[in-house]
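Atoms within a ligand are numbered from 1 in the order they appear, just like the ligands themselves.
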Amino acid sequence: MCGIIGYTGERDASPILIAGLRRLEYRGYDSAGAATCRQGMIDIRKRAGRVHVLEELIDREPLPGVHGISHTRWATHGPATDANAHPHLGGRSQAEVAIVHNGVIENHTALRGELERAGFRFMSETDSEVIAHLIAQALEEEHDLFEAVKRILPRLEGTYGLVAISPAHPGVLIGARMGSPLLVGMGEGEQILASDASAVAPHTRQVVYLQDGEVARLTPSGFDLVHRDRGVVAPRVDRIDWRPDAAELGRHAHYMIKEIREQPATLVDACRGRINRRDATACFGGLNLTPRALRRVRRVVLIGCGTSWHAALVGEYLIERIAHLPVEVEFASEFRYRNAPLDDRTLVFVLSQSGETADALGALREANRLGHPTLAIVNTVGSTIAREAMGGVYLHAGIEVGVASTKAFTAQIAVLTLLALHLGRLRGLSFQEGLAIVEALEEAPGLMQDTLNLEPLANQAAEPIAQARSVLFLGRDLLYPVALEGALKLTEVTYIPAHGYAAAEMKHGPIALVDETTPCVFLAPRCSLYAKTVSTIEEVRARGGIVVAIGTEGDRVLPGLASIFLPIPDAPEVIQPFLCVVPLQMLAYHVGLRLGRDIDKPRNLAKSVTVE
Ligand code: AGP
């Protein structure tokens, strides 16, 4: 997802704009740029490539001024080139307006034709550039940047988080939001607009999240906020609740390994204040549904994308087993258009780490449109999904910088385990059964800490896997979604094709892939289906396949069957997902290292995909 920063104040803007882009780098991008206004002029620097390329350019050719914008672009229309990088300039002389934009303008072709016929020359292949020229065209009549921006917004079909500046309006930033996040960072004598709180955290903790349709006018002394249709809006001031250094790398080599190692603490944080030992149940502050309403629920739908969808699959097994409630897991992108028949006793949850994923937001809005009680399980406080849901549960995982999600997955499973317990204890789960789950959850962080010691073995297992053309990940029951997650991690971070399967499915086709060049990673801890999983391992071995097995420490069978055996602590099945996912994450990390991949910002990926 693109990153946006705008600054107006008394300090030199350029270092603030660049430092802000660095804090947004984790979201994935392919070009970067900045522009400042000074003495009636716009200065602009932009390049394809990483932020450091832009920084080196600005070191050579400084960007003066105390008022400017910057952007990291994740290409949607047009390749990653200098010309397609943002900011984009607008006006007949290409100097009246500069804008940065996140989102997709779906009617950009028609607008471009109209503007070209009116004499505006385009310098890029992007959809975003039409915004700059539209504002410049409106300025020819409006003479006020705020009014000009408000005037052109109804012409834009699609989504935007945009910031505009003009040399004729010194010190003024205009921000507008429709479907792509934008927030105001409120400073003393300076104001910041950004697409993500992590960019403003070093400067202020007071933020105002713009809602769809809102437009803000910022000057160093403050800001005005209006809704483009409803007029003046009373801003709701939020506070950034995590420490600015939470996004720092510290002693770790990469954010991904830092966040893998944070998971025992993540698990504690996700459960904090939500375990009720006295009643052997879980409690949530934000479900906004009474026990009576929850007992009326006849079906649960869990919706997500990518890793969040894998967490939802774990939730399906947990809720069905513990609460005996039917669960449907949906890809958000599919749910929003397939018109699924849901009755009025269906409870919908949308899972999203970022809370800004366009597909997940679209699914939430579709469920809301249908009138279903829709809840969000989200990490990012104040995110769009969090705000538009009827209620929900925050992950409290802290900022997750690595594009490959790790600790958020753990936090999502923790919340889903608690939810299953909560629903179960409303539906006949006994006190003893509930207490067993409570005690397993309380034990889990310590056992997860133990699994971090598997890193040397994961590194050893990375050797054969780094050479592989493809890799299979296999698990059963609760560990089938974890196998899928392990495959996604490896694919995302290393670009090696990896496939996750329910282990028994191996013999129904995937076994055709098995030979001495195809590593098969099995999740085979001591559990009710252990023997069956071992049978599948034997089938792979019989065909010369390389086996990497994650199993319970002390297992005397697996070490003889596997080239590498990674022992996890013995644990109740309900918490085995927490323990099995850690070695898989570390495996992906170490294979990525061996292959020299960009671990925290894998190619083509974005941390939050805010386009459909
Ligand atoms: C996870 O490693 C991926 N980066 C990706 O699949 C991600 O889980 C997906 O885009 C959903 O993001 P969200 O949880 O922020 O909605």
Sub-6.0 Å ring centroid separation between Phe409 and His310: no
Touching ligand 1 at all, Cys305? Heavy atoms, strictly under 4.0 Å? yes
For atom 6 (O) of ligand 1, which protein heavy atom lies nearest, and how many Å away is it? Gly306 CA, 3.2 Å
Does the distance from a Lys or Arg side-chain N to an Asp or Glu carboxylate O, for Arg50 and Asp598, drop under 4.0 Å? yes
Who's the nearest protein heavy-atom neighbour of atom 13 (P) of ligand 1, and how far? Thr357 OG1, 3.3 Å
Per-residue contact class, Ser405 against ligand 1 - non-hydrogen pairs under 4.0 Å: both
Is Glu356 touching ligand 1 with its side chain, its backbone, both, or neither, if touching means heavy atoms under 4.0 Å apart? neither
Just one of Val548, Leu566, Ile564 clears the side chain to side chain contact (heavy atoms under 4.5 Å, CB included) bar with Gln460, so which one? Ile564
Atom 10 (O) of ligand 1: the protein heavy-atom neighbour that sits closest, reported with distance to 0.1 Å: Val609 CG2, 4.3 Å
Would you call Glu262-Lys407 a salt bridge at under 4.0 Å N-O? yes
Would you check whether Lys607 has a nitrogen or oxygen atom less than 3.5 angstrom from a nitrogen or oxygen atom of ligand 1? no
Which pairs with one or both residues in residues 387-397 pass side chain to side chain donor-acceptor pair (under 3.5 Å), sequence neighbours excluded? Gln211-Arg387, Arg274-His396, Arg365-Glu388
Nearest-neighbour protein heavy atom for atom 8 (O) of ligand 1, which is reported as residue plus atom name and distance: Thr307 N, 3.1 Å
Nearest protein heavy atom with distance in Å, relative to atom 3 (C) of ligand 1: Glu492 OE2, 3.1 Å
Please confirm whether Ser608 approaches ligand 1 to less than 4.0 Å, judged on its heavy atoms. no
Does the Thr451 side chain pair with the main chain of Gln449, one donor and one acceptor, at a distance under 3.5 Å? no
May I ask whether Val403 places a heavy atom under 4.0 Å from ligand 1? yes
Ala404 neighbourhood, listing ligand 1 atoms whose heavy-atom distance to it stays under 4.0 Å: 2 (O)
Verify the neighbour count for atom CZ of Arg299: are there more than 12 heavy atoms of other residues, nucleotides or ligands below 6.0 Å? yes
Hey, does the side chain of Ser195 reach the backbone of Ile4 with a donor-acceptor pair shorter than 3.5 angstrom? yes
